Amino acid sequence: MRASNEHFGLSEEQQQLKLVARKFAQEQIAPIAAQLDERSEFPRDLIKEGHSLGLMNLVQPVEFGGTGLSYHDACLVIEEIAAGCAGVATSMVVNDLALLPILIGGTAEQKKLFIEPIASSGGLASFCLTEPGSGSDAGGLSTSLAIEGEDLVLNGTKQWITNGGVADQYTVFATIDRSKKHKGICCVVVPAGAKGLSTGHHENKLGQRCSNTVQVRFDNVRVPKQNLIGKLGEGFSIAMKTLDGSRPMTASIAVGIAQAALSHATTYATERKQFGQPIGSFQSIQAMLADMATHIEAARLLTLRSSALLDQGLSASMESSMAKRFAADMAMQVTTDAVQIYGGYGYTKDYPVEKLMRDAKLMQIYEGTSQIQRLVIARELVAQLSKK
Ligand code: CAA
């Protein structure tokens with residue numbers, strides 16, 4: 001099925017980019033998505049192939065080995081990949097999430113040192129913010145950072161870390177003084193081989209099962225001072241700015257999942273016959289398909305609008321949260337409706353829609369729950385009011 005981005009004035013180059021991503025997703029990812037899901041198998045070969053096609057490190061500048069896309073164009077690519085498999089898309093997109101703090105807060109030398117080797121080699125990076133005791137309350141984290149001579153020493157545990165265990169480098173948020181709350185948080189780059197860094201088991205998740213989600217532990221991990229990104233205490237602001245940038249990309253994963261569900265459900269509705277006619281000829285099914293398509297389009301537009309603001313260097317905190325919130329909740333509803341259209345068959349692993357429904361659930365949880373997105377939006381509304 002044709003996604004309606006084509007009618008939003010995409011240049012030939014953008015259409016070509018989407019086609020490359022679509023071909024990769026439909027020919028290489030989709031055929032093995034169910035198998036990866038079943039086995040909880042990390043898609044290392046697909047990621048390598050995605051990197052060689054220029055479909056990773058999307059918003060990292062070309063001079064540092066990235067693809068150098070705008071946020072808008074990155075979203076076009078991500079939607080296509082996610083329509084093949086959201087777990088694969090998450091595994092690929094997390095590189096941008098983990099490298100963005102360095103792009104946002106690092107010096108030119110640090111960008112060369114920490115972005116370039118990962119982006120140019122097809123390496124993997126992980127973003128370590130969440131902890132067992134601090135999820136939504138990111139400012140309440142407790143992993144500690146101490147300065148000892150010329151070194152930084154990290155101690156603590158990070159939870160739900162995507163690409164943990166398979167990453168070559170970790171972007172870690174830790175506190176120099178917990179009593180300072182968010183003002184004590186710092187951002188540090190840690191190579192995977194650092195002594196004292198260890199990872200837990202691959203979590204047995206409901207959806208997006210092929211993406212590697214683990215606990216990462218830091219036991220007196222020592223890195224040089226040059227691995228500190230930004231100033232001491234600037235880490236929280238760097239993390240929040242990073243999430244502003246990454247949430248539209250995450251929203252695109254949700255749009256891709258929902259688009260895949262709609263495509264399957266529409267095809268099924270024309271093939272499945274009941275009462276002597278295709279179920280798609282009944283108004284109740286038509287109304288479901290129409291609503292699904294309309295809500296997908298609305299989420300896509302929010303995603304492209306928030307990414308366009310980022311591309312203009314404008315603040316997009318509220319719009320990024322709107323896109324992430326709406327797209328995540330929309331994907332949950334659309335995939336649930338797709339299962340409903342398939343009826344009993346949709347509830348089995350013989351058809352693709354139950355996986356999409358399981359994959360969609362994570363969209364409402366990671367990179368800030370739908371509840372946290374609403375909090376960001378509401379706070380921004382109040383802040384705007386007080387500026388008037
Ligand atoms: N940009 C820059 N600075 C920002 C900011 C932004 N978008 N948002 C807040 N700040 C600043 C504030 O201005 C404030 O600064 P001052 O102290 O100088 O005034 C400071 O940060 C604290 O702000 P808040 O009072 O708003 O902070 P808070 O503690 O109330 O929490 C929050 C804010 C929005 C709830 C935040 O904690 C949050 O986003 N939580 C969700 C965390 C999250 O998304 N985690 C996802 C992990 S990554 C993941 O899941 C990915 C994966 O593996 C795939």
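Hydrogens, waters and symmetry mates are skipped; everything else that's a heavy atom, side chains included, is used. It should be emphasised that the depicted structure is a prediction, and the values quoted were computed from it without experimental measurement. First listed ligand is number 1; within each ligand, the first listed atom is number 1.
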Ligand 1 contact on [X] by region, counting heavy-atom pairs under 4.0 Å:
X: Leu97; answer: side chain
X: Ile161; answer: neither
X: Lys181; answer: neither
X: Thr213; answer: neither
X: Arg247; answer: side chain

Q: Applying ring pair (Phe, Tyr, Trp, His ring centres under 6.0 Å), run through Phe173 and Phe127 and close with a yes or a no.
A: CA-CA 9 Å; Phe173 295 88; Phe127 180 83; 5.3 Å; yes

Does any donor atom in the side chain of [X] or [Y] lie under 3.5 Å from an acceptor atom in the other side chain?
X: Glu131; Y: Ser142; value: yes
X: Ser136; Y: Gln371; value: no
X: Ser317; Y: Asp244; value: yes
X: Gln333; Y: Asp337; value: yes
X: Tyr366; Y: Thr90; value: yes

Q. Which class fits the ring pair His182 and Phe236: parallel under 30°, tilted 30 to 60°, perpendicular over 60°?
A. tilted

Show which atoms of ligand 1 fall inside a sub-4.0 Å distance from at least one heavy-atom site of [X].
X: Asp244; value: 1 (N), 6 (C), 7 (N)
X: Ser317; value: 7 (N)
X: Leu243; value: 43 (C), 44 (O)
X: Tyr366; value: 50 (O), 54 (C)
X: Thr130; value: 47 (C)
X: Val376; value: 34 (C)
X: Phe127; value: 48 (S)

Q | Test applied, side chain to side chain donor-acceptor pair (under 3.5 Å); reference residue, Asn212; option that passes from Glu41, His202, Glu203 | A | His202

Q. What heavy-atom pair brings Val189 and Val223 nearest, and what distance separates the two atoms?
A. O-CG1, 4.0 Å

How close does the nearest protein non-hydrogen atom get to [atom], and which residue and atom is it?
atom: atom 24 (P) of ligand 1; result: Arg379 NH1, 3.6 Å
atom: atom 46 (C) of ligand 1; result: Glu367 CA, 3.5 Å
atom: atom 54 (C) of ligand 1; result: Thr162 OG1, 3.3 Å
atom: atom 23 (O) of ligand 1; result: Phe236 CE2, 4.0 Å
atom: atom 20 (C) of ligand 1; result: His182 NE2, 3.4 Å
atom: atom 18 (O) of ligand 1; result: Lys183 NZ, 3.5 Å
atom: atom 43 (C) of ligand 1; result: Gly368 N, 3.7 Å
atom: atom 2 (C) of ligand 1; result: Lys241 CG, 3.8 Å

Q. At what distance, to the nearest 0.5 angstrom, does CD of Glu63 lie from NZ of Lys112?
A. 7.5 Å

Q: Supply the atom-to-atom distance Thr369 OG1 to Leu375 CG, rounded to the nearest 0.5 angstrom.
A: 8.5 Å

Salt-bridge contact [X]-[Y] (side-chain N to carboxylate O under 4.0 Å):
X: Glu354; Y: Lys349; value: yes
X: Arg222; Y: Glu148; value: yes
X: Arg300; Y: Glu297; value: yes

Only heavy atoms count here, so choose which of [options] is nearest to [atom].
atom: atom 40 (N) of ligand 1; options: Ala138, Cys128, Ser136, Ser134; result: Ser136
atom: atom 42 (C) of ligand 1; options: Ala383, Ala98, Gly135; result: Gly135
atom: atom 32 (C) of ligand 1; options: Gln208, Met240, Glu234; result: Met240

Q.
Less than 4.0 Å from atom 11 (C) of ligand 1, is there any heavy atom belonging to the protein?
A. no

